[in-house]
Amino acid sequence: MRRFWLWLDRRLPRRLTTRLILALVVIVVTAGLVTTGAVNLLLAHTLRAELIRFGRSLTLALGENMANALAEGDLATVQELLNAVVHENGDVVYAFAVAPDMPLVHTFPNGFPADLLRLIPAPEERPGDGVLLWTEQGLIRDFAYRPLDGIPAEVHVGISQARIAALQALVARFIMGLTLVGCLIAIGIAYGFGRAAVYPLAELARRARRLGQGHLDERVELPPGGEIGDLAQAFNQMADAVQHAIRRLQESEAGYRNLLTAASTVGEGIALIGEEGAEEGRLVFVNEAFARLLGFQPEDLVGLNVASVLPPASLEIAHQLWRAIREGRTGHPVELPVVDRDGRRHVLETTGTRIYYQGRWVLAWFARDISERKAREEELRRRNRELTALNAVAAAVSEPLPSARLLERILQQVLSALELRIGWIFLLDESGLPRLVAYHGLSSGEGEGIQGWFTFPDCRCGQVLVDGQPVIVDASESRCAVRRMRTALQHPLSCHVAVPIPMRGRIRGVLAVAAEDPRIFDQAEMTLLMTVGQQIGVALENARLWEELQQKERIRGELLTRLMRTQEEERLRVARELHDGIGQSLSALVFGLNTISVALHQAPEEVPRLLNRLKVSVSDTIKELQDMIYDLRPTLLDDLGLIQALRWYARERLESRGIRVIYEIPDSIPRLPSEIETALFRIGQEAITNICKHAEATEVGIRLWVEKGWAVMEITDNGVGFCWSELRAGEGPRRGWGLLGMQERAILLGGELRIDTAPGQGTRLYVRLPWEGEGWGSVS
């Protein structure tokens, strides 16, 4: 309460006469406002009741007059009655009628408002108090009536309340005018009485000024009794006390002067705190530097208890310092956070000692504002922390680690640099579903239990995936995971911040860190976290490329091993076929030639028959040798080119099985370089072989065309399809080595190969190889 009177005293005029005038004006104005309000309420209630009675009667009369016309559907009579009501009554804004088998009849000059019927509820059998509507013409009360029993015919009349508002405004202006006159009279009366009342006070003030100028024998001679007499007596007592205090001040003037000199030399604020009696804990002296630190004037602080100007946390630190001083322990400077009168935060470096001041021992408290120095230190610490975090992320990125271990390492480094303990990372998998890939500080339990704490991306931080903007989420939100963490971990978390993780131009994940105080996430921290999120995206992309490279190298090694094994197996097969087939046939040929040689001498008539048999055997051997050569490399590929080789292989492997083949190949396609034709034929050969073995197809399409810079081939089937990702990730025979070999063959020539398939949806193989010839379009 005392603070309120001090606050009011600082804001009121200093002269007593002015205060009296202001008090009377406030009283008169308050009375006028109360009177105006009361009269307006009474007037509004009366006029509103009168308007309702008038509207109810008018609507009832109008409804009864047009009841027959509504029942008969006489639109002219209904329109005439409605127009008459509006013209004869100045407060009536509109009138309209509606019946089941009759169009809406109204008096609106610009057409019937579209939403008026939706705003007005269904009327009762008798007109009630009406419904208030806000319109462009002001406040209107709508009255409705059903004049026909059992028939939903309605009559509506809208009456403006503008006359009530105008009358209220007129009464208010009149009463406020009377209030203004009363204020002028009150000012005159207050001024006269004020001059008479403050004359003794003015005399007292004159004497007080002389006392302040050094006339210590100045005394006031006023009759005793009353407030003025008591004030005069108090003045005289004060003058005696001042004389006594000056004598005591002169005794301690030397020490006091030294104290002020020291303070001015070091630029410190000084406050003296009483140690005993009624002054214990109170400020008995404050210099301007100390008062300025707290946003006060020195006279505002003198006499106040220190507990009233320091925050509770700072007060405890100050108590520990003063206790050490009283016990004779030399205390080191203590940093004390304070908040000044305007709400600005400062950090004070404080120390103190005991001195003898004006006849008693007091605590001398010295304070220096080090806020700027602390701010620079904090800025330097924050920048060091940012550099530490970025260096830690860069160091983690540079290590060849798998994605999961890389993310865990980065998350630990970021939390350590930001001096936080809890964080997690969500990434979207290939199907677009979120997956918790790394977390720290949550629990030592299983990850599945921790996953249940999150509703991502249905929580608020899931919006980061949409707009790519960081967000600070308060733990009070029902879907926030921090709310569950706070309960499960017994940790005083209050919020968490989520920042996006971009990869290849898209938001692919979210980095989140939790804290106890949302104020730590200032603009600098948010910028740092955004940078870390981008670095994580780069790290993941590098890790993905590294893993792809490792996988390609591994596949290439496995393909090379398999190729060497296949070559050896092919050589073994060729050797076996040459030995078992061609070798035996040649041996039989040599045997037949020996037989003919013997027959020439012993049975010449058998020579023609033996020659015929030998010719058949030679033909079979040649056919067997041609088949073996075709299996190794069709001569058609070298002689007639890729198109004829593909047609021959498709006819031998597909059409011979009853599979329909549709060719889309231009007739004038040019011959391609040997390496391109060989690669396309081998890829097509492997695709046709796979169709025969696995597709169960009934129709196959083969397209071949060249365009500027590329030679393109596409093979499609309507078979059962397969899961390419599972086949590519398999092991052993299920790895899909033939398909991987096709991809490797295309990549080695600088091209690309795509396989589009799914179980039950057939397969499409698309391959294109670079070629610098002239482009030719495909033929449908």
Side-chain angles (χ1 to χ4, degrees), residues 389-390 392-418 420-471 473 479-485 488-489 493 496-515 528-551 725-726 728-729:
L390 294 177
V393 172
V397 169
S398 64
E399 297 183 9
L401 297 174
S403 298
R405 290 185 57 194
L406 175 66
L407 291 175
E408 292 178 359
R409 180 73 178 275
I410 291 176
L411 184 59
Q412 291 176 5
Q413 297 292 347
V414 170
L415 292 174
S416 175
L418 296 179
L420 299 174
R421 291 192 292 174
I422 296 177
W424 59 91
I425 295 176
F426 270 96
L427 290 181
L428 299 181
D429 58 18
E430 294 182 356
S431 60
L433 297 177
R435 185 167 54 93
L436 182 64
V437 296
Y439 58 89
H440 184 76
L442 296 183
S443 172
S444 59
E446 296 295 331
E448 294 181 358
I450 295 173
Q451 182 87 34
W453 291 354
F454 299 92
T455 58
F456 185 83
D458 297 329
C459 54
R460 185 181 170 197
C461 50
Q463 184 65 24
V464 177
L465 297 174
V466 179
D467 54 24
Q469 298 298 319
V471 62
V473 184
R479 290 181 174 267
C480 184
V482 174
R483 186 173 184 177
R484 301 178 180 88
M485 295 177 194
L489 304 177
L493 300 174
H496 78 280
V497 63
V499 298
I501 299 177
M503 291 177 58
R504 289 175 286 176
R506 297 178 57 191
I507 306 302
R508 301 297 301 172
V510 169
L511 163 68
V513 293
L528 173 60
L529 287 172
M530 287 289 289
T531 304
V532 171
Q534 294 174 357
Q535 291 296 321
I536 291 176
V538 174
L540 288 174
E541 181 64 16
N542 291 340
R544 183 187 66 81
L545 294 176
W546 173 258
E547 291 174 356
E548 286 185 359
L549 179 61
Q550 292 293 98
Q551 183 181 13
S725 59
E726 293 181 0
R728 184 168 47 190

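Being a predicted model, the structure only gives us computed values, none of them experimental. For this chain, numbers begin at 1 and follow the sequence in order.
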Side-chain contact, heavy-atom cut-off 4.5 Å: V499 with V513? no
Walk me through whether R508 and L428 qualify under side chain to side chain contact (heavy atoms under 4.5 Å, CB included). CA-CA 6 Å; R508 301 297 301 172; L428 299 181; 4.1 Å; yes
Any F456 side-chain heavy atom under 4.5 Å of V464 side chain: no
Heavy atoms from other residues, nucleotides or ligands near CZ of R421 exceed 12 (cutoff 6.0 Å): no
Rounded to the nearest 0.5 Å, what's the gap from CH2 on W424 to CG on L511? Could you check? 9.5 Å
Distance-minimising heavy-atom pair for P500 and G468: CG-O, 3.3 Å
Side chains of I422 and M485, heavy atoms from C-beta outward: is any pair under 4.5 Å? yes
Smallest separation among heavy atoms of A498 and V510, with atom names: CB-CG1, 3.6 Å
Closest contact, heavy atoms only, L411 versus G423: CD2-O, 3.5 Å
When rounded to the nearest 0.5 Å, the distance separating NE2 of H440 from CD1 of I425 is 12.0 Å
